[in-house]
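Data first, discussion second: the structure below is written as structure tokens.
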Amino acid sequence: MDEKRLKSLKELKAPAVSDQARQRAMDLAMEEYDREFGNETHMQTSGETGGEAFKAGGRSFAASGLSRGEKNNFEADKGNAAGKRPMSIVNRIKGYVSMDAPSNVRFPIAATLTGLLVLPLGLVLYQNSALTPVNSRVGQEMQVSPAPGPATPVLQEEQKLAVQDEISEAPEMRRGTAGDGAVMSTGQESAPAAIGRFAVPDSPLPMVQADAVRQGQPGNDRFASFEENAIKSVISDPVSTFSIDVDTASYAYVRRALNEGRLPDPDAVRIEEMINYFSYGYEEPQDRQNPFATQIEITPSPWNASSQLMRVGIKGYVPPPDQRQPVNLVFLIDSSGSMASPDKLPLLKRAFVLAVNQLDENDRVSIVTYAGQAGVVLEPTPASDRARILAALENLHPAGSTAGAAGIKMAYSLAEQARQEGSLNRVLLATDGDFNVGMSSSEELKRFIEEKRRSGIFLSVLGFGTGNLNDALMQTLAQNGNGNAYYIDSFSEARKVLVQEIGSTIVTIARDVKIQIEFNPALVARYRLIGYESRALERQDFNNDRVDAGEAGAGQSVTAIYELVPVGAQDPLIDPLRYGKRVTPNMGEEAAMAGERADEIGFFRLRYKGPEGGVSRLVEMPITTDMVRKDMNEASIDTRFAIAVAAFGQKLRGSVYGGNMSYGQIRQLALQARGRDEFGYRAELIRLVDLAMAISGQEQGAGSKGS
């Protein structure tokens with residue numbers, strides 16, 4: 001070969017290594033390692049059985065100085081099952097290097113190659129007691145021994161990049177400011193100097209916590225258990241009182257569960273949230289002085305021939321764009337290790353970009369993150385400075401444990417600092433709900449958020465992902481913060497909440513909204529409110545302005561459904577009294593008054609405060625017999641569709657009140673009431689009914705065909 005040819009070959013650059021090549025090299029390395037250091041060889045050398053080796057690994061891990069909670073996180077994830085490669089490659093190499101006898105120093109090519117492949121993570125891996133090889137696909141576990149136990153932790157691609165970024169950027173972080181777009185602040189919550197700039201981390205390379213690499217399992221999600229509202233007698237309990245609820249988290253979680261091929265936890269199904277996920281064509285109020293319009297309709301029940309269903313719908317006022325108050329938003333972002341998976345922090349960042357794009361130059365945005373410790377990533381910034389805001393979002397990476405309480409305190413502090421006269425002030429907390437550092441009890445957080453709510457700063461919660469989802473805590477925070485709870489399971493859902501419904505999400509038109517209905521005992525024997533179990537109020541709470549209730553956002557609609565049993569109807573759930581009605585001292589007077597209003601089924605009352613609070617105002621209207629439809633087909637499309645959603649929720653919960661209505665019948669009812677469906681949300685519900693039907697093994701149920 002001539003010299004010119006050799007020179008040209010010398011100048012050629014080595015091709016980039018593909019993921020497939022890396023994976024193939026890893027597989028070959030593992031095969032070589034198993035041949036060189038198989039199970040039998042290791043046991044003979046160490047003198048341990050597989051079980052003893054596994055226990056030794058546990059003792060070694062205990063000696064590493066991690067906390068009890070962190071040990072629990074790693075307990076079943078330290079490597080393969082007993083007897084299967086119990087020592088990591090890295091530790092094996094370390095052992096050979098330290099041997100005294102030179103003749104025993106052997107460096108297998110495969111082991112060396114493996115060490116080079118994982119070089120970017122070498123420092124992290126070196127400090128673990130064991131390593132299990134992973135599949136090249138991000139976020140999926142490699143199948144190993146059939147021994148039972150949790151899946152092996154997987155290091156996410158985003159986290160690998162985060163570790164590399166932290167290594168390269170550590171010197172700059174010591175003097176970085178919010179405007180530099182650094183990763184995050186780790187300043188101590190108690191140090192005011194940490195506000196607005198980044199504190200120096202304890203180590204230039206923060207260790208990756210267990211939560212950062214573990215894929216969540218739905219079975220670890222937590223929901224508050226509750227009993228369904230029971231049937232009540234109008235004679236003994238004629239008044240129903242509750243706070244409005246416009247949360248939608250339950251529906252989005254139910255959708256995710258069904259899309260993953262499983263039925264949701266019954267406690268995850270809150271029927272009022274499923275109903276209120278959808279918009280309805282209710283009449284809109286005309287002015288700010290009367291911010292609610294009410295519509296009521298009554299129709300026969302599809303699951304109980306002896307009862308009727310009353311749909312109560314209210315619609316909130318929408319201020320003209322030029323009258324909208326300036327918005328002061330604080331994004332409180334969970335950037336802890338548990339947020340590493342693609343459906344958490346990466347989705348969260350894309351979602352908040354949508355929110356920023358809906359704001360104008362009069363609005364302000366701040367960003368606080370929390371992971372181990374809380375810190376300010378972006379001080380109050382005009383929303384018009386989108387480049388700076390989006391850069392701060394983009395530079396967030398998951399790492400550390402979850403100092404949620406410290407983050408909440410810092411976010412409220414920043415909201416107070418940035419508030420303007422007449423502004424709407426809101427903290428948007430985005431998290432998987434895993435609070436495990438600091439003021440973590442629900443009662444402590446509840447009291448703190450209640451105090452801030454009274455000062456005019458509200459809190460809404462956006463939940464992400466599965467595996468650590470603490471839905472019960474998120475509901476507590478949102479309800480006591482005069483905000484709403486959402487669950488973001490997809491980019492489409494982020495668009496719905498933060499684009500299509502951005503006004504109702506961040507703009508408040510009324511506070512402490514309560515509904516009370518009194519039923520006429522001459523026409524209604526019994527009633528049941530479907531859903532709203534966590535929003536029930538005592539009768540005397542309605543007129544007490546000190547009792548907190550839900551808030552209403554701009555343009556929001558609120559829907560509630562009552563099941564009514566008319567007087568004289570044969571109710572299969574309750575046998576007639578043997579000795580007739582129980583006589584009371586005022587029975588004659590009550591009967592006479594009911595007779596005078598024979599056309600009234602009941603009386604509706606709504607009480608609310610203005611956006612600034614103050615003294616409540618009252619709205620009243622009678623519920624009359626001309627609101628009754630003799631046949632369900634005569635009812636409006638909105639009423640029928642809301643009833644279909646309620647039936648679906650009852651079916652998923654296994655309600656004792658849902659009768660024998662099948663998924664097929666629910667599907668048919670929803671299909672016939674689909675109506676105008678601009679964004680396809682109603683069509684999606686029909687698809688979810690199909691999924692539930694298939695998962696439940698009822699694919700051939702009545703009405704399962706059609707589209």
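Numbers here simply count residues along the sequence, with the first being 1.
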Measure the shortest side-chain to side-chain distance between I457 and R426 over non-hydrogen atoms and say whether it is less than 4.5 angstrom.
no
Shortest non-hydrogen contact between Y527 and D237, atoms and distance:
OH-O, 2.8 Å
If we only count heavy atoms from C-beta on, is the D221 to N470 side-chain gap below 4.5 Å?
no
The complete set of salt bridge (charged side-chain N to carboxylate O under 4.0 Å, His left out) pairs with one or both residues in residues 534-548, sequence neighbours excluded, reads D245-R535, D247-R535, R453-D548
Tell me if a side-chain donor or acceptor on T505 pairs with a main-chain N or O of V497 at a distance below 3.5 Å.
yes
Quick check: closest heavy atoms across A472 and A224, and the distance to 0.1 Å?
CB-N, 3.7 Å
Residues E563 and R526 bridged, charged N to O under 4.0 Å:
no
Closest non-hydrogen contact found for V254 with A268 is CG2-O, 4.3 Å
Who pairs with Q650 by side chain to side chain contact (heavy atoms under 4.5 Å, CB included), at least two apart in sequence or on another chain?
I271, W303, R528, I530, S655, Y657
Would the distance check show the side chain of N482 and the main-chain N or O of E551 forming a donor-acceptor pair, the cut-off being under 3.5 Å?
no
Side-chain heavy atoms of L606 within contact of I314, under 4.5 Å
yes
Is it the case that the side chains of T639 and R311 hold a donor-acceptor pair, with the cut-off being a distance below 3.5 Å and no angle test?
yes
Test of ring centre spacing under 6.0 Å for Y487 and Y251:
no
Listed partners of Y562 passing ring-ring contact (aromatic ring centres under 6.0 Å, His included), at least two apart:
F519
Keeping Q668 on the side-chain end and Q665 on the backbone end, is there a donor-acceptor pair under 3.5 Å?
no
Verify side-chain contact (heavy atoms from CB on, under 4.5 Å) between R682 and F278, making sure each step is shown before the conclusion.
CA-CA 8 Å; R682 296 190 178 193; F278 300 92; 4.2 Å; yes
Could you tell me if E297 and S636 have a donor-acceptor pair between their side chains, going purely by distance under 3.5 Å?
yes
Donor-acceptor pair, R629 side chain versus D626 backbone, under 3.5 Å?
yes
Relative to each other, are the rings of Y663 and F648 parallel, tilted or perpendicular (30° and 60° limits)?
perpendicular
Let's go through R687 and D690 carefully: what are the C-alpha distance in whole Å and the side-chain angles of both, what is the deciding distance for salt bridge (Lys or Arg N to Asp or Glu O under 4.0 Å) to 0.1 Å, and is it a yes or a no?
CA-CA 5 Å; R687 183 182 62 82; D690 287 340; over 6 Å; no
Side chains of L459 and K452, heavy atoms from C-beta outward: is any pair under 4.5 Å?
no
Regarding N425 and S423, is there a side-chain donor-to-acceptor distance under 3.5 Å anywhere?
yes
Does one side chain, of S616 or R511, offer a donor that lies under 3.5 Å from an acceptor on the other?
no
On the ring face of Y681, is K496 found with NZ or CZ under 6.0 Å from the centre and within 45° of the axis?
yes
P291 and P285: which non-hydrogen atoms are nearest, and at how many Å?
O-CG, 3.3 Å
Do I517 and M310 make a side-chain contact, defined as non-hydrogen atoms from C-beta onward lying under 4.5 Å apart?
yes
For a side-chain contact (heavy atoms from CB on, under 4.5 Å) check, start with the C-alpha distance between V513 and F292, then their side-chain angles and the critical distance, and finish with the verdict.
CA-CA 10 Å; V513 185; F292 294 107; 4.1 Å; yes
Is there a side-chain contact between F458 and V427 (heavy atoms, below 4.5 Å)?
no
Y253 versus R270, side-chain donor and acceptor atoms under 3.5 Å
no
F464: ring-ring contact (aromatic ring centres under 6.0 Å, His included) partners, not counting sequence neighbours
none
So, R607 versus N543: side-chain donor-acceptor pair below 3.5 Å or not?
yes
Donor-acceptor contact present, side-chain Q325 to main-chain G422, <3.5 Å:
yes
Would one find more than 12 heavy atoms of other residues, nucleotides or ligands at under 6.0 Å from atom CG of D287?
yes
Measure the shortest side-chain to side-chain distance between E493 and R255 over non-hydrogen atoms and say whether it is less than 4.5 angstrom.
yes
Are the side chain of K651 and the backbone N or O of M661 linked by a donor-acceptor pair below 3.5 Å?
yes
Judged by atom type as modelled, is there a donor-acceptor pair below 3.5 Å linking the side chain of E273 to the main-chain atoms of A249?
yes
Give me the atom names and distance for the closest heavy-atom approach of Y282 to G313.
CE1-CA, 3.6 Å
With a 3.5 Å distance limit and no angle check, can you tell me whether S696 reaches the backbone of M693 through a side-chain donor-acceptor pair?
no
Under-4.0 Å salt bridge between E260 and R256
yes
Checking P319 now: which residues fulfil side chain to side chain contact (heavy atoms under 4.5 Å, CB included) with it, not counting sequence neighbours?
R288, Y317, I509, A554
Could you pull out all residues at least two apart from F604 that satisfy ring-ring contact (aromatic ring centres under 6.0 Å, His included)?
none
For the pair K609 (side chain) and R617 (backbone), establish whether a donor and an acceptor sit closer than 3.5 Å, ignoring hydrogens and angles.
no
Got a donor-acceptor contact below 3.5 angstrom from the T241 side chain to the F542 backbone?
no
Shortest non-hydrogen contact between A494 and A351, atoms and distance
CB-CB, 3.6 Å
A side-chain contact here means heavy atoms from C-beta on lying under 4.5 Å apart; do D631 and T299 qualify?
no
Take I298 and I601 through the test side-chain contact (heavy atoms from CB on, under 4.5 Å) and record every step on the way to the result.
CA-CA 10 Å; I298 303 172; I601 294 172; 3.4 Å; yes
Evaluate the criterion side-chain contact (heavy atoms from CB on, under 4.5 Å) for residue pair L669 and M632; output intermediate values, then yes/no.
CA-CA 10 Å; L669 178 59; M632 177 169 282; 3.6 Å; yes
